[in-house]
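Just below is one structure, and these are the notes that go with it.
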Amino acid sequence: MPAGFGVRLRRYYVAGILILAPTALTLWVVWTLFKFFDDILGVELRARGISVLGLGFVLLNLLLVLLGFAATNFLGKRLFSLWDRLMHRVPLINKIYATLRQIGELLLGSSRTGAFGRVAIVEFPSPGTWGLGFVTSTAPGEAGRKTGLRLCSLFIPSAVNPTTGFLLVVPEEKVTYLDMTPEQAMKMIVSAGALVPPTPGDPGAPSAAAAR
């Protein structure tokens with residue numbers, strides 16, 4: 001077998017995995033949730049000869065709407081706040097919960113002014129090379145008071161696996177803010193730089209106002 005053919009075959013194989021894996025995982029999660037919620041009432045209804053097509057899908061979306069409604073009223077906020085504190089205190093689970101919540105807020109949250117709301121680059125890990133990350137805070141804090149500098153907290157996720165990374169506390173003048181949205185930055189990080197978002201002004205690129 002020619003060496004060139006083997007290289008191309010390996011490249012095609014890896015490309016196929018990159019295309020299939022996210023799709024297959026997404027479909028598996030959706031199907032598992034669908035089956036779970038379909039079995040809540042579906043088993044009882046089918047035992048009585050009643051079949052409702054898409055019952056699991058309806059129940060899942062109804063649950064999401066009800067949770068969202070509960071979380072926006074006063075009592076619901078108090079309950080979810082207690083639940084949030086509880087989940088952050090359970091060993092091991094708190095790590096997973098906190099990471100998934102941060103990623104969820106980043107990808108689905110409407111706010112772009114709080115933590116993870118701004119994308120920036122900073123020279124890291126050495127001068128002349130740049131790390132892409134999220135500005136998590138510009139509050140002075142103890143480090144700012146003791147150094148006398150205006151510091152910026154920047155979280156730089158690891159490529160492909162953004163659940164780990166580095167927390168940098170650097171002078172804000174060394175931070176360069178970017179126009180890309182947090183979603184675009186996360187896609188670029190997860191794809192190890194393969195998905196580079198278009199810069200504002202490029203043909204087909206969304207405007208900054210539309211991106212936010």
Shortest non-hydrogen separation from [X] to [Y] and the atoms involved:
| X | Y | result |
| --- | --- | --- |
| Ala159 | Ala192 | CB-CA, 4.3 Å |
| Leu195 | Ser191 | N-OG, 2.9 Å |
| Phe134 | Pro157 | CE1-CG, 3.6 Å |
| Ile189 | Ser158 | CG2-O, 3.5 Å |
| Glu123 | Gly128 | OE2-N, 2.9 Å |

Give a yes or no on this: more than 12 heavy atoms of other residues, nucleotides or ligands lie within 6.0 Å of atom CD of Glu142.
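Open.
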What distance separates [X] [atom1] from [Y] [atom2], expressed to the nearest 0.5 Å?
| X | Y | atom1 | atom2 | answer |
| --- | --- | --- | --- | --- |
| Lys174 | Cys152 | NZ | SG | 13.0 Å |
| Ile121 | Thr176 | CD1 | OG1 | 5.0 Å |
| Arg89 | Arg85 | CZ | CZ | 7.0 Å |

Are [X] and [Y] packed together at the side-chain level, in the sense that at least one heavy-atom pair is separated by less than 4.5 angstrom?
| X | Y | value |
| --- | --- | --- |
| Val119 | Leu132 | yes |
| Phe124 | Ile156 | yes |
| Pro140 | Leu151 | no |

Would you kindly confirm whether [X] and [Y] end up in one hydrophobic cluster when ILVMFWY residues are joined by side chain heavy atoms under 4.5 Å apart?
| X | Y | value |
| --- | --- | --- |
| Met180 | Trp130 | yes |
| Val175 | Val169 | no |
| Leu149 | Val122 | no |

Is the centre of the Phe166 ring less than 6.0 Å from the centre of the Phe155 ring?
no
Among Thr181, Val135, Thr136, find the one that has a side-chain contact (heavy atoms from CB on, under 4.5 Å) with Arg118.
Val135
Pair Glu183 + Lys187, salt bridge at N-O below 4.0 Å:
no
Under the 3.5 angstrom rule, does the side chain of Glu172 hit a backbone N or O of Arg150 as a donor-acceptor pair?
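Between the backbone of Arg150 and the side chain of Glu172 there is no qualifying donor-acceptor contact (under 3.5 Å).
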Okay, side chain of Ser137, backbone of Ser153: is any donor-acceptor separation there less than 3.5 Å?
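Not a single qualifying donor-acceptor pair exists.
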